[in-house]
Undergrad: 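Supplied in structure tokens, the structure appears directly below.
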Amino acid sequence: NAGVMQNPRHLVRRRGQEARLRCSPMKGHSHVYWYRQLPEEGLKFMVYLQKENIIDESGMPKERFSAEFPKEGPSILRIQQVVRGDSAAYFCASSLQENIQYFGAGTRLSVL
Amino acid sequence: DAKTTQPPSMDCAEGRAANLPCNHSTISGNEYVYWYRQIHSQGPQYIIHGLKNNETNEMASLIITEDRKSSTLILPHATLRDTAVYYCIVLNTGGFKTIFGAGTRLFVKA
């Protein structure tokens, strides 16, 4: 009974490159959430998606960041033209309905 | 969603009960109290949640005061592996934007 799977676990990018973070929700879960955690800070909500729909993206930076959750395949968080300030841990969570969220192990993005 | 207040840190001796308090004085009638924890560098882990009755599961117990303005998470026999940051979160029915505050950093000592 696999939990929420995120990959890669660690991602190193140079400034200006693109970062693609993947999240496969728990089996049967159709709700996906992305959070960002800067070093020594709490988690910040970024976006909430259901299959093929963005429900709430109020926590997403207006530029360079996008997220999708296609009908088939994992949810993708995409960061274009990364900058050093994007270095953080990015956590994905999934839920059966809008209640208990189960989190993945996270992707640690380092921007050189 | 109502705000919560938690002490920044607490110590607990291994094998003893850890009692983590949380104030949520502005909680409304349809808001639940959720507890998560984050062990260093890992993703947050759901622990327990409740509305107004006390709840218990294999991990912990949740005691909610009658006026619902505060609650206590109880780890009955803390182990070293329970050292983590514990987050108390208030969330509406159907709410999803889980707001993680600073939480309580629990140190379990041998």
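Proteins come first, then strands; the chains are lettered A, B, ... in the order of their sequence lines, and each starts at number 1. Heavy-atom basis, side chains included; hydrogens, waters and symmetry copies ignored.
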Undergrad: If you draw a 6.0 Å radius around NZ in K109(B), do more than 12 non-hydrogen atoms from other residues or ligands fall strictly inside?
TA: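 Open: at most 12 neighbouring heavy atoms sit under 6.0 Å from NZ of K109(B).
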Undergrad: CD of Q17(A): more than 12 outside heavy atoms within 6.0 angstrom?
TA: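 Above 12, so yes.
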Undergrad: For Y32(B), is it the side chain, the backbone, both or neither that has a heavy atom under 4.5 Å from a heavy atom of chain A?
TA: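 When you check distances to chain A, no heavy atom of Y32(B) falls under 4.5 Å.
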Undergrad: Work out which heavy atom in G43(B) is nearest to a heavy atom in F91(A); give both atom names and the distance.
TA: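 Looks like CA-CE2, 3.4 Å.
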Undergrad: Highest number of heavy-atom pairs under 4.5 Å with chain B: which of Q101(A), Q6(A), R108(A), E41(A)?
TA: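 Counting heavy-atom pairs under 4.5 Å, the top option is Q101(A).
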Undergrad: Could you tell me which non-hydrogen atom of Y87(B) sits nearest to which non-hydrogen atom of L43(A), and how far apart they are?
TA: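 Heavy atoms of Y87(B) and L43(A) come nearest at OH-CD1, 4.4 Å.
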Undergrad: Would you indicate whether Y46(B), at its atom OH, is surrounded by more than 12 heavy atoms from other residues, nucleotides or ligands within a distance under 6.0 Å?
TA: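 Yes.
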Undergrad: Quick one: what part of A89(A) sits under 4.5 Å from any heavy atom of chain B, side chain, backbone, both or neither?
TA: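 No part of it gets close to chain B.
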Undergrad: Check whether more than 12 heavy atoms from other residues, nucleotides or ligands sit under 6.0 Å from atom CE of M60(A), and answer yes or no.
TA: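 Yes, the 6.0 Å shell around CE holds more than 12 heavy atoms from other groups.
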Undergrad: Please tell me if the side chains of T98(B) and Y35(A) come closer than 4.5 Å, counting only heavy atoms from C-beta onward.
TA: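 Yes - at least one pair of side-chain heavy atoms lies under 4.5 Å apart.
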Undergrad: Shared ILVMFWY cluster between M26(A) and M5(A), side chains joined below 4.5 angstrom?
TA: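 No, M26(A) and M5(A) fall in different hydrophobic clusters.
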